[in-house]
Structures are given as C-alpha cells and as structure tokens.
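Pasting a structure below so you can have a look.
Just so you know, these numbers come straight off a predicted model, no measurement behind them. Worth knowing before you read on, the calculation uses all heavy atoms, side chains too, and leaves out hydrogens, waters and symmetry mates.
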2 protein chains.
Amino acid sequence: MDRAAAPGAHLIDGKAFAAGLVAEVAADAADMVATHGVRPGLAVVLVGDDPASAIYVRSKIRKTEAAGMASFAHRLPASASQQDVLALIESLNRDPAVHGILVQLPLPRQIDVTAVLDAIDPSKDVDGFHIVNAGKLASGRVDGMVPCTPLGCLMLLKAELGSLAGLHAVVIGCSNIVGKPMARLLLREKCTVVLTHLKTRDVAAETRRADIVVVAAGSPGLVRRDWIKPGATVIDVGINRVQTAEGPKIVGDVAFDEVSTIAGRITPVPGGIGPMTIACLLRNTVEAARERIGRTPHPAG
Amino acid sequence: MDRAAAPGAHLIDGKAFAAGLVAEVAADAADMVATHGVRPGLAVVLVGDDPASAIYVRSKIRKTEAAGMASFAHRLPASASQQDVLALIESLNRDPAVHGILVQLPLPRQIDVTAVLDAIDPSKDVDGFHIVNAGKLASGRVDGMVPCTPLGCLMLLKAELGSLAGLHAVVIGCSNIVGKPMARLLLREKCTVVLTHLKTRDVAAETRRADIVVVAAGSPGLVRRDWIKPGATVIDVGINRVQTAEGPKIVGDVAFDEVSTIAGRITPVPGGIGPMTIACLLRNTVEAARERIGRTPHPAG
C-alpha cells in the first residue's frame with residue numbers, strides 16, 4: 001500500500017500485517033482448545049491507578065479475548081508492597097490456566113521492578129524482559145521469549161526485505177525493552193549492527209550509512225531527511241503525543257513527511273509498529289501455551 | 001612501556017597489568033582466609049584427552065594455587081556421558097568449598113555444551129557463559145559474572161583511556177565467549193558499538209571510523225594498517241599458531257608491525273590479552289567467594 005501523497009517511500013502497513021498475525025494466533029488458539037482442551041491464557045498485572053496504564057491494560061485484555069484466549073486481570077492498589085506483588089506473581093507462576101504473565105510498567109516507587117521481573121517464570125514471560133530470556137537472545141538462541149516491540153519490528157523487516165544477512169542496521173535508543181533486544185535480533189539475522197544512544201557523538205553519521213534504521217528514542221521528529229540513505233528502510237517505534245494547531249496528535253520519532261521522500265520503505269505512526277506490539281504479545285502467549293502442551297514452539301522471528 | 005622499534009603506538013602491557021591484578025586477587029584471597037576462614041576455591045572440569053585442553057587446565061590450576069586459592073581438578077574420560085558431566089556439575093554446585101566452576105571447552109561430541117553450561121549455578125559461573133549472566137550483562141546490570149577475556153580487554157581499555165563514554169568502538173567477531181559480551185560491556189560504558197562478523201560487507205570501512213578496535217576473529221594478521229584510524233586503540237584477542245621461516249610462532253589477528261605504526265595504543269601478542277584472561281578468571285573466583293561470604297562484590301569492569 002502506498003500513500004498517494006508520498007512520492008517515494010513504500011508505506012509498511014503494520015496495521016494490516018498485525019491483523020493477519022492476530023488472525024493466525026486466533027486460529028492457533030482455537031486449534032489448541034479443540035485438540036488439547038487448552039485455552040491459551042494471559043494474566044495482566046496492574047499496580048496502582050495510572051490512567052494511561054489502565055487504558056493499555058484494558059486494551060490488551062480486550063484484544064486477548066477477541067482472539068479467543070483467556071484473560072486474567074489482577075489489580076493491586078498503589079500502596080501494594082513488594083511482597084504483595086511477588087506473592088501474586090508466584091500464584092500466577094503456579095496457575096496452569098495462565099500461560100503468559102504481563103506486569104504493566106511502570107510500577108509504583110516502592111516496588112523493585114527488577115525483582116518483580118526476575119520472579120516471573122521465564123517460560124511465562126511473554127514480555128521477554130526476564131534475564132533468562134535476555135540471555136538466550138543475547139547468546140543467539142531461539143528458545144527464549146522475545147520482547148514484543150522488537151519482535152514486531154523484525155517480522156515487518158523480514159516480510160519486506162526477506163533475508164537481512166549482511167545489511168547495515170542502525171538502532172537509535174538502547175533501552176532494555178526495545179533498542180537492546182532489537183540489536184540482538186538484527187545480529188541474529190546477521191546484520192552488521194550499530195547501537196546508538198544519548199552519548200553517541202553523531203547519530204546522523206551512523207544512520208546515513210544504514211540500510212535499516214530502527215528508531216526508539218521517544219523524541220518527536222528526531223530523524224530528518226538528511227539522516228537517511230536513499231532507499232533505506234525506516235522503522236519508527238516512537239509514539240509521542242504532541243500539540244499541533246489542529247489539536248493533540250500522535251507522532252513518531254521520524255519526521256515522516258521529509259523522510260518518506262527519501263526512504264525506500266517506512267512505517268507510519270500510528271498504524272506501523274504499535275499494532276505489531278500487541279499482536280506479538282498474543283503470539284508469545286500462544287507460543288507459551290504451545291510449549292506447555294509439549295508441542296514445538298515456532299522460533300521467534 | 002614502549003617497544004623501542006615501534007615508531008608510533010604505545011604498547012599496552014597486559015602482562016604487567018595482569019601481574020598487578022593477580023597480586024590484588026592473592027591479597028584478597030589471603031584476607032578472606034584470615035578474616036573469614038574461607039579460601040576461595042576454583043573447580044576445573046576436563047572431559048577427555050585433548051592435549052591442548054590438558055595444558056590449559058594445568059596452567060589454570062597452577063596459577064590458582066600460586067594466588068593462594070584452592071583448586072579442584074576433575075577429569076572425566078572422553079567416553080563420559082552427558083549424565084556423568086551433569087552429575088559432577090551438580091555435586092560442585094552443592095560443594096561449599098567450590099566458589100567457581102570452570103568447564104574446559106571444547107567438550108566431546110556426545111555432550112550438549114549448552115545443557116552443561118546451563119547446569120552450572122550462575123553464582124559459581126566464573127566463565128560468565130551462563131544465560132543468566134549473559135542476560136544480566138545484556139540488560140546493563142553489574143551483578144552478574146562477566147566472561148574473562150572481554151573483562152580483561154575492558155580493564156585494559158579503562159586503565160589506558162579512562163572514561164570510554166561516547167567513543168566509537170568496533171568489535172570484530174561475534175562469538176558468545178568474546179565478541180558479543182565485549183560489545184555489551186562497551187555499551188555499558190556508553191560507547192557507540194558496532195559488532196562486525198563474517199557477513200559484514202566491509203569490515204575495514206567500520207574499523208577506519210573507530211576510536212577502539214577489539215579483534216577476536218581467529219585470523220592471523222587480518223587487521224592491516226589501512227584499517228585503522230591514526231591514534232586509535234587496538235586490542236588484539238587473537239592467539240594463532242603460525243609457521244614462519246624461524247619456526248612456529250604465536251601471532252594475533254592484527255598485523256602488528258604495520259598497525260603499530262598508526263595506532264595510538266596497541267596490545268602485543270603474546271603479552272597482551274592472554275595474561276588478562278587467566279587473571280580475570282582468578283578475580284571472578286575471588287568475587288564469587290566474596291559474594292558467598294556476604295560481602296558486596298566489586299562490580300565487574
């Protein structure tokens with residue numbers, strides 16, 4: 001699908017791709033119910049009253065149920081102790097109806113996020129943030145859970161470009177949630193990978209050499225036209241709420257109107273990576289259930 | 001120390017630095033014996049009859065004992081089963097006199113290396129190859145064990161250059177033992193990191209832009225003068241046995257005579273990274289013992 005207004009870049013339709021992935025996941029879930037009497041189940045843990053987090057959690061639960069999967073919402077008060085959260089995680093680890101556990105971040109200040117993430121059974125860690133899963137991915141293994149956003153980026157890249165081997169890839173932003181696992185996935189695909197961040201002296205000098213640019217910086221319009229090599233593929237992970245003359249608007253980390261005139265392929269915001277993240281969460285939950293049943297899971301990516 | 005014959009590069013004296021580190025480790029070990037009645041202990045597991053492995057193991061044991069630490073050598077026949085090796089690892093995991101466990105690689109074909117490495121208690125994994133330790137390093141955490149060779153490289157780099165933040169670093173070779181953990185360490189130090197490998201289209205184009213080049217390719221003389229930016233720091237991890245007119249000789253992955261005329265700083269082979277690897281093994285063992293005693297370990301690097 002090409003936007004009529006974009007003279008150059010092919011628009012990568014994450015929304016359509018995600019819809020196809022969710023349909024596959026729903027078919028797999030229905031098959032597990034029919035064949036094994038097992039309905040893949042996702043538990044979502046929300047601690048506190050953050051309104052944005054509450055919206056995200058509701059959306060995840062709605063989409064989980066729409067895919068024919070079971071959902072289990074657990075809400076703890078903002079005053080919950082570390083012990084309360086760990087006790088809940090332990091009970092979810094033991095619950096055979098729960099195949100995936102997602103703890104909505106951020107957590108209140110009194111909670112040690114690392115201790116909570118470390119407490120999740122790695123085989124139920126559908127967010128892929130557990131150190132065992134990070135370690136498997138870091139070691140090039142395919143038997144771990146992969147974080148949803150970078151997995152979604154990788155799926156789009158492979159669907160668009162085929163083999164990525166030998167391509168020069170630059171990742172902007174090095175969070176544990178997106179940038180670092182993204183770099184590991186691209187390395188596993190045999191890209192030459194450059195990971196840039198706030199201390200990088202000249203990020204544009206790096207991106208100008210890239211066949212693939214993945215931006216997860218949380219900085220509206222950071223990436224400009226002269227940062228991009230003609231024909232490159234640009235993946236925009238940013239989701240930034242900005243005020244415009246026409247009211248509030250969601251924009252990415254890429255100056256889309258400029259960059260789409262030079263890139264070969266580009267994801268829009270919204271409608272690019274956003275829908276892929278939730279689709280990959282459902283996918284990871286079904287794969288966790290598949291592994292629990294004893295069927296060989298599909299390697300991530 | 002500068003080699004008289006090298007017109008440019010400062011020679012990084014890994015041998016002298018390693019001797020200083022071993023002296024510190026020996027003092028720490030003596031202190032633990034005196035204060036806590038605990039002698040740090042390293043168990044080394046050798047499976048089979050590979051003569052090179054036997055030499056490495058003997059050398060590690062000799063140096064462990066020379067540092068006032070306890071050593072436990074365990075030798076299994078080449079015909080040992082997976083079960084035999086795992087049973088030995090389990091007993092070492094339980095043994096309170098053993099603070100570090102090293103399984104000499106390679107293992108015979110019938111043994112699943114990954115299963116063996118996964119079976120080691122992560123807190124005794126002084127080689128730093130366990131996925132929990134890989135995951136901690138990948139997540140930027142400082143509470144895991146770091147593989148010895150990249151840790152040795154990092155120590156030399158920090159001793160020579162001070163803060164590495166913002167420097168452009170290129171790593172050649174992406175093994176789980178050296179290249180990948182090296183990239184993670186450099187990222188933790190806030191370098192911009194490029195990881196190159198066999199599929200990289202033009203490695204020299206990457207290294208020419210680097211302030212730091214770490215080479216772990218296993219390819220004698222791979223890195224030439226025109227690969228290096230004037231003044232860059234070059235770390236040569238290669239240990240290659242080659243035949244010359246004067247007989248067999250150990251050389252690195254860097255064409256030393258050429259590169260030392262353009263680099264700012266360079267490690268020789270031998271006498272560079274080699275001695276640092278074993279020194280870091282002893283250091284990791286003492287840190288594992290320190291953690292076991294309940295004292296705060298020194299973060300790696």
Do B:R201 and A:T192 pair up side chain to side chain, a donor and an acceptor below 3.5 Å, judged on atom types alone? no

Chain A: which of B:C191, B:A165, B:A205 shares the most heavy-atom pairs with it under 4.5 Å? B:C191

Closer than 3.5 angstrom, by distance alone: can the side chain of B:D125 be matched with the main-chain N or O of B:V132 as a donor-acceptor pair?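 Side chain of B:D125 to backbone of B:V132: no pair is present.
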
Contact part of B:D118 toward chain A, heavy-atom cut-off under 4.5 Å: side chain, backbone, both or neither?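 Only the side chain of B:D118 comes within 4.5 Å of chain A.
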
Would A:L186 and A:L157 satisfy side chain to side chain contact (heavy atoms under 4.5 Å, CB included), going step by step from the backbone distance to the final call? CA-CA 10 Å; A:L186 291 166; A:L157 283 168; 4.0 Å; yes

Look at A:A138, A:P122, A:A134 and state which one has the largest set of heavy-atom pairs under 4.5 Å with chain B.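 Among A:A138, A:P122, A:A134, the one with the most close pairs to chain B is A:A138.
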
Locate the shortest heavy-atom distance separating A:L195 from A:G179; write the atom from each residue and the value.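 It is CD1-O, 4.0 Å.
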
Has B:N93 got a side-chain atom pairing as donor or acceptor with B:D121's backbone, closer than 3.5 angstrom?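 Indeed, once roles are kept as given, a pair shorter than 3.5 Å links the two residues.
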
Please classify the contact between B:K180 and chain A as side chain, backbone, both or neither, with a heavy-atom cut-off of under 4.5 Å.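 Just its side chain gets close to chain A.
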
At their closest point, which heavy atom of B:S139 faces which heavy atom of A:R184, and how far apart are they?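 Closest approach of B:S139 to A:R184, heavy atoms only: N-NH2, 4.3 Å.
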
Name the member of B:H197, B:H168, B:H130 that forms the most heavy-atom pairs with chain A at distances under 4.5 Å. B:H197

In terms of side-chain geometry, is the basic nitrogen of B:R209 or A:D202 positioned less than 4.0 Å from the acidic oxygen of its partner?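 Here B:R209 does not pair with A:D202 in a salt bridge, since their nearest N and O are not under 4.0 Å apart.
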
What heavy-atom pair brings A:A217 and A:D253 nearest, and what distance separates the two atoms?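 Minimum heavy-atom separation between A:A217 and A:D253: N-OD2, 2.7 Å.
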
Give, as side chain, backbone, both or neither, the part of A:D143 having an atom under 4.5 angstrom from any heavy atom of chain B. neither

Quick check for you: among B:V170, B:V193, B:L137, B:T196, which has the greatest number of heavy-atom pairs under 4.5 Å with chain A? B:V193

Which residues, numbered in order, of residues 225-239 of chain A come under 4.5 angstrom of chain B by heavy-atom distance?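 Result: none.
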
Find out whether B:I212 and B:L164 are in side-chain contact, i.e. whether some heavy atom of one side chain is under 4.5 Å from a heavy atom of the other.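 Yes, their side chains come closer than 4.5 Å.
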
